[in-house]
Amino acid sequence: MHSDHDADEAWERLRASRSNPPARANTGSRRKTYSAALEQLEQMFRAAAVVDPATRPLQVFYGLSQAGRAIAAAAWSVKGEDWRLDSHGIKTTGFHLPFPHIEIRTDPPGTRGSFVKVSEVLDSPVWEMDPVRLEDLWDLLPPNLRYPLTTRDRMTPLYVDEMSIGTHEHPLLSAAVCDIPDRVIDAGTREALADFLTAYPAVAKHESYVTTGTLTLSSDAPPDYGSRYKHGGGELVINWEMPQGSAPQDQRLEYLRAMTRGYAGGRYFLPILPLMKRELHPLMAWWAVLYALSMLARYEPATWVKLISIDDSQHAVPIERLLERAINHLPVLIADTISEVST
């Protein structure tokens, strides 16, 4: 579970990296930008921590945007002057629409906007002129699992328990895949599970899973989700065949991590949205959501103030919680991302 201690440790990692910047940020203009951008990130987040939601999206988003400059400066994959970022590279429209339906678009691949360039560094997709709804991006963030914006069927991250893979050598990687939604469990069929997993290709490539009514694997029996969570949903032990055959725990863990994304100390299977060819990196999901919130707060302040009023808006508490978690989760995600692009 994520804690304030994790954020404090992440700030220490980021601050310590400035005296000996990683990868391509170790010399020249890239080094200067890396250090200055991280200083601005930290100051923006410190400021965000002492204000309320009326202005918090502005400080958090622009802090994250500066972190993007540090990530690009450090990235081994970015050569020459391509690390320099111009403009936002992302647009928000539809402020007249209900909050969940606000539309978000990106600039085309290969352009120099911050969102596009950092997405390229992280092998994360952009979607150009076809709009993605704020609600779809909101649901990609693990801390929003219990904070839906509407009652529609959601596609949310599936947490995977690394401790569940076992210690013995085995030809199968078996792990508990968590937060499977009630609608899939209620259906209770193999077909409903298969249909749900089409948005999670890595999970859908499983060899088998635990089924009901038997202690052995069956090709016909329905999935056994075990006990329901008190807050809704459940889990299923799923098996994947190891490519090299029987493998010890460390190799099975490595294989699991290759299929999942890290977030705040946990591992998740992320859904692929219909307009995208692969899953969005968690940092870029945060980026898109916070950009939309910051633009709404900046250019439509009356609408924003009404949205964050707990007396007037059903979205006020989810927004509050998201912005609180942004301050605690993002330093860890940023520090981990810098490590990711520096190796």
Side-chain angles (χ1 to χ4, degrees), residues 1-2 6 9-10 13 22-23 71 74-77 121-125 140 142 145 155-180 190 193-194 196-211 214-219 221 223-226 233-272 276-285 329 332-343:
M1 181 176 292
H2 187 89
D6 299 319
E9 185 179 276
R13 289 167 57 194
I71 291 167
W76 275 119
S77 63
V121 169
L122 300 179
D123 193 28
S124 185
L140 295 180
L145 177 64
M155 303 304 296
T156 55
L158 302 177
Y159 174 74
V160 59
D161 183 5
E162 290 186 327
M163 299 298 292
S164 68
I165 69 170
T167 58
H168 299 293
E169 186 167 319
H170 202 279
L172 293 179
L173 162 65
S174 300
V177 177
C178 308
D179 299 319
I180 295 173
R190 300 178 69 90
L193 177 63
F196 171 69
L197 292 180
T198 58
Y200 305 83
V203 189
K205 293 177 182 178
H206 62 264
E207 187 267 352
S208 57
Y209 46 79
V210 173
T211 56
T214 178
L215 296 178
T216 61
L217 302 175
S218 168
S219 60
D224 183 359
Y225 297 105
E235 62 188 59
L236 178 66
V237 175
I238 296 181
N239 310 297
W240 295 265
E241 190 172 6
M242 291 297 294
Q244 71 274 41
S246 189
Q249 180 187 28
D250 61 336
Q251 292 182 15
R252 287 182 287 115
L253 182 58
E254 181 181 359
Y255 189 55
L256 179 63
R257 289 177 175 175
M259 293 192 292
T260 56
R261 289 279 194 182
Y263 182 94
R267 306 296 303 186
Y268 292 84
F269 290 104
L270 302 180
I272 298 178
M276 302 180 192
K277 297 180 179 179
R278 54 194 183 279
E279 75 272 13
L280 205 64
H281 191 287
L283 188 79
M284 305 319 295
H329 288 201
V332 180
L333 192 54
I334 291 164
D336 288 346
T337 301
I338 288 174
S339 297
E340 177 185 336
V341 302
S342 302
T343 56

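It should be emphasised that the depicted structure is a prediction, and the values quoted were computed from it without experimental measurement.
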So OH of Tyr209 and CZ of Arg190: to nearest 0.5 Å the spacing works out to 3.0 Å
Please examine the side chains of Phe196 and Leu158, heavy atoms only from C-beta on, and report whether any two atoms are closer than 4.5 Å.
yes
Are Leu280 and Leu270 close enough that some pair of their side-chain heavy atoms sits under 4.5 Å apart?
no
Rounded to the nearest 0.5 angstrom, the NZ-CD1 distance for Lys277 and Ile272 is 11.5 Å
Are any non-hydrogen side-chain atoms of Leu140 and Glu279 less than 4.5 angstrom apart? no
Closest non-hydrogen contact found for Glu340 with Leu122 is OE2-CD2, 4.1 Å
So do the side chains of Met259 and Lys205 get within less than 4.5 Å of each other, counting heavy atoms only?
no
NE2 of His206 to CG of Leu193, rounded to nearest 0.5 Å, is 6.5 Å
From the list Ile334, Asp336, Ile338, side-chain contact (heavy atoms from CB on, under 4.5 Å) with Arg13 holds only for Asp336
Side chain to side chain contact (heavy atoms under 4.5 Å, CB included) filter on Asp179, not counting sequence neighbours, yields Leu145, Tyr159, Tyr229, His231
**Prompt:** Side chains of Val203 and Trp240: does their closest heavy-atom pair fall under 4.5 Å?
**Reply:** yes
| message | I want to check something: taking the side chain as every heavy atom from C-beta on, are Pro157 and Tyr263 in contact at a cut-off of under 4.5 Å? | response | no
Looking only at heavy atoms, the pair that brings Ala199 and Met155 closest together is CB-CE, 3.2 Å
All N/O donor-acceptor pairs, side-chain side in residues 166-178, below 3.5 Å, sequence neighbours left out:
residue : atom : partner : partner atom : Å
Glu169  : OE2  : Ser246  : OG           : 3.2
His170  : ND1  : Leu172  : N            : 2.9
Ser174  : OG   : Asn239  : OD1          : 2.5

* Looking only at atom types and distance, does a side-chain atom of Arg261 sit under 3.5 Å from a main-chain N or O of Pro282, one as donor and one as acceptor? -> no
CG (Asp6) and CG (Leu333) are apart, to the nearest 0.5 Å, by 12.5 Å
In this structure, NE2 of His281 is separated from OG1 of Thr337 (nearest 0.5 Å) by 4.5 Å
- Item | Donor-acceptor contact present, side-chain Ser339 to main-chain Ala335, <3.5 Å | yes
Shortest non-hydrogen pair, Ala247 vs Arg252, comes out as O-NE, 3.1 Å
d(Ile238 CD1, Leu197 CG) to nearest 0.5 Å is 6.0 Å
Val121 and Ile71 have their tightest heavy-atom pair at CG1-CG2, 4.4 Å
Shortest non-hydrogen pair, Thr156 vs Tyr200, comes out as O-OH, 2.5 Å
>> Keeping Arg257 on the side-chain end and Glu162 on the backbone end, is there a donor-acceptor pair under 3.5 Å?
In response: no
Below 4.5 Å, heavy atoms only, C-beta onward: do Phe269 and Thr260 meet side chain to side chain? yes
Correct closest heavy-atom pair for Ser342 and Trp76 would be O-NE1, 2.7 Å
message = Is it the case that over 12 heavy atoms from other parts of the model lie below 6.0 angstrom from the CD atom of Glu241?
response = no
